[in-house]
**Q** 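Got a structure here, written out as structure tokens. Questions coming.
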Amino acid sequence: MTKEYSNLEKIRLEKVEQLREQGIDPYPAQSERSHTSQEAIAAFEGVESKEGEEVSATLVGRVRSLRAMGKITFAHIEDGSGRVQIFLRANDIGGEQVEFFNKYFDLGDFIQASGEMFRTRTGEVTLRVKEFHMLAKSITPLPAAKDEVVDGEVVQHATLAEPEVRYRQRYADLAVNSDVRQIFRKRAAIIRSLRDFLDGQGFLEVETPILQPIYGGAAARPFVTYHNQLKQDLYLRISFELYLKRLLVGDIERVYEIGRDFRNEGVDRTHNPEFTMLEFYMAYADYQQVMELTEEMVVYVADQVAGSREISYQGQVINLEPPWSRMKLSDGLAELVGIDIEEHATAESLAQAMRAKDLEPEPEATRGKLIDSLIGNFLEPNLLQPTFLYDYPRDISPLTKSRPEDASTVERFEAFMAGMEICNAFSELNDPLDQEARFQEMGRDYASDDEERHPMDEDYLRAMRYGMPPNGGFGMGVDRLTMLFTDTPNIREVILFPHLRERE
RNA sequence: GGGCGCGUAGCUCAAUGGUAGAGCAGUGGCCUUUUAAGCCAUUGGUUGCAGGUUCGAGCCCUGCCGCGCUCACCA
């Protein structure tokens, strides 16, 4: 397939040809810079008041605006540090050079320009260009029409808005929307601060297999692939849990991993087929201690990246200051749904109570799955301020320690804020006999073709039989945390290349 | 997967079923301190794709493709 060039592209291709005919390489390998644009501005402002001092600079960047006015031309170029105005004048470089610039430079081209910094009559620190050359010619016009600078802020007019194009052509989105670049800088800062925090707490960062012969650690459908030489199916991990806990058996007391999980499930505003997870496991801690560490960690991130413990998310102010609310799951459901799950020990009984409230329980669901649906439908959307919901039903928590005083519930919590689930944590089950029984229970409760069923992991049981210290574990969706801190309503805004259906 | 909505020039958007348009970008001019520069002129379209209804379809109908919102499943 050959590309059909648009009329605008054809004109620029012609310019490329003409440059080559003049012996000018439109894509040279060498470039130089003495200052970033902001460094050059700062350097000039530093010496501006001093007599006879000049700032010479060689700047590089992308041409973002062009104002040709006969014998002079103004333009803005943008580099990683920001924008700076450049000024070409026939008096300085001759009329032919100005004409050359006007003829061959388009919006989006990369340029290198050298000269002295000065301040224009209207007060903008600007590079008076002595020399310039093309660093890379842009063929396809960037989809930005016009920018305006108001009080140092770039205001964009009629900029790329179509979400489909923004996600499919993220490069154009980033090139044109500086606020999008800002989101991904913040994302990196969030991940860096999570690492800082955990490293500071004595956790060891590890990497465990993404291709797993047996998937586990969560209830989700996996992606399946095949290894040719081993002649076996492998699954892309749906969680890191079972591998990280094997490391506790290996006497690593505190361990974490930040990486990608893959779940073959629906795609929507808060779900991407691959997403970034943080899991940590902490020997000699239980879920109550993990709760406290969770608060500390999120507040640490807030201090580092937001500079405030109050953040604004989609018009809501969220106060991250510990301690967060703690709500026992059964109390929460009693209050918000009016059903006391402790009075309904079986799925049948609970389903009946739901029907009495005009709810439609899913027919084959277990008691735990019914409770889970009540959480998702009634609690989650209402939990705007940070809240720990704790003590979950046993049958949807097959890796979690039961509560000593009530074997039907387990020591597990999830944290919610802004109507979103942020993390999931528990006192990890370390009794190999109980664990084996749970795997068998799962086998009974789920149909044999239900891919969400936890497969029996014999090696994991063997590890546990060697002895696993009591420990608290934690998992958090990093993308969702990033959504909170960047005030974005869609997970695709915080993933550089989100999955869309393939086109053509 | 279901429901609702959207898809028009490079970008942002118009267009009662009746000649597909504007601003910006582009092209050609004028212009030596502009900054959404200005002024004059001007190019640019298989209206997502394929059918149908109609004298006539961007608009109405059907199917398909893609995206968004939403419900279901999930983190």
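All of these numbers come straight from a predicted model, not from anything done at the bench. The chains referred to below are lettered A, B, ... by the order of the sequence lines, with proteins before strands, and numbering in each begins at 1.
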**Q** Between A:Y392 and A:E411, do the side chains contain an N or O donor and an N or O acceptor separated by less than 3.5 Å?
**A**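 Absent: no donor and acceptor within the cut-off.
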**Q** Starting from P on B:G44, measure out to CG on A:L8 and report it in whole angstrom.
**A**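 After rounding, the reported distance stands at 12 Å.
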**Q** Among the candidates B:A75, B:A25, B:U33, find the nucleotide nearest to the side-chain atoms of A:I491.
**A**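 From the listed options, B:A75 comes nearest.
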**Q** If you go through the side-chain atoms of A:N7, does one of them form a donor-acceptor pair with the base of B:U43 closer than 3.5 Å?
**A**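 Answer is no: no donor-acceptor pair is held.
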**Q** Give the nucleotide from the list B:U33, B:C69, B:C67 with an atom nearest to the side chain of A:F74.
**A**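 Ranking B:U33, B:C69, B:C67 by closest atom to the A:F74 side chain puts B:U33 first.
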**Q** State which of B:C73, B:C11, B:U33 makes the closest approach to the side chain of A:L160.
**A**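 The listed nucleotide nearest to A:L160's side chain is B:C11.
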**Q** On a whole-Å scale, what distance lies between the P atoms belonging to B:C6 and B:U16?
**A**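 These two P atoms come out 15 Å apart once rounded.
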**Q** Specify the separation, in whole Å, of atom CD of A:E99 and atom C1' of B:G28.
**A**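 Computing the A:E99:CD to B:G28:C1' distance gives 14 Å.
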**Q** Centres of the A:Y390 and A:F413 rings: under 6.0 Å?
**A**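 No, the ring of A:Y390 stays outside the 6.0 Å limit from the ring of A:F413, centre to centre.
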**Q** So, using side chain to side chain contact (heavy atoms under 4.5 Å, CB included) as the criterion, who are the partners of A:S49 when residues are at least two apart?
**A**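 Not a single residue meets the side chain to side chain contact (heavy atoms under 4.5 Å, CB included) criterion with A:S49.
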**Q** Measuring only the P atom in each nucleotide, how far is B:C69 from B:A41? A whole number of Å is fine.
**A**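 To the nearest whole Å, 44 Å.
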**Q** Compare the minimum distances between each of B:U32, B:U34, B:U35 and the side chain of A:H76, then state the nucleotide with the smallest one.
**A**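 Looking only at heavy atoms from C-beta outward on A:H76, the closest nucleotide is B:U35.
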**Q** Tell me what A:A75 touches on the nucleic acid: a base, only sugar-phosphate, or nothing, going by heavy atoms under 4.0 Å.
**A**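 No contact at all - A:A75 keeps every heavy atom at 4.0 Å or more from the nucleic acid.
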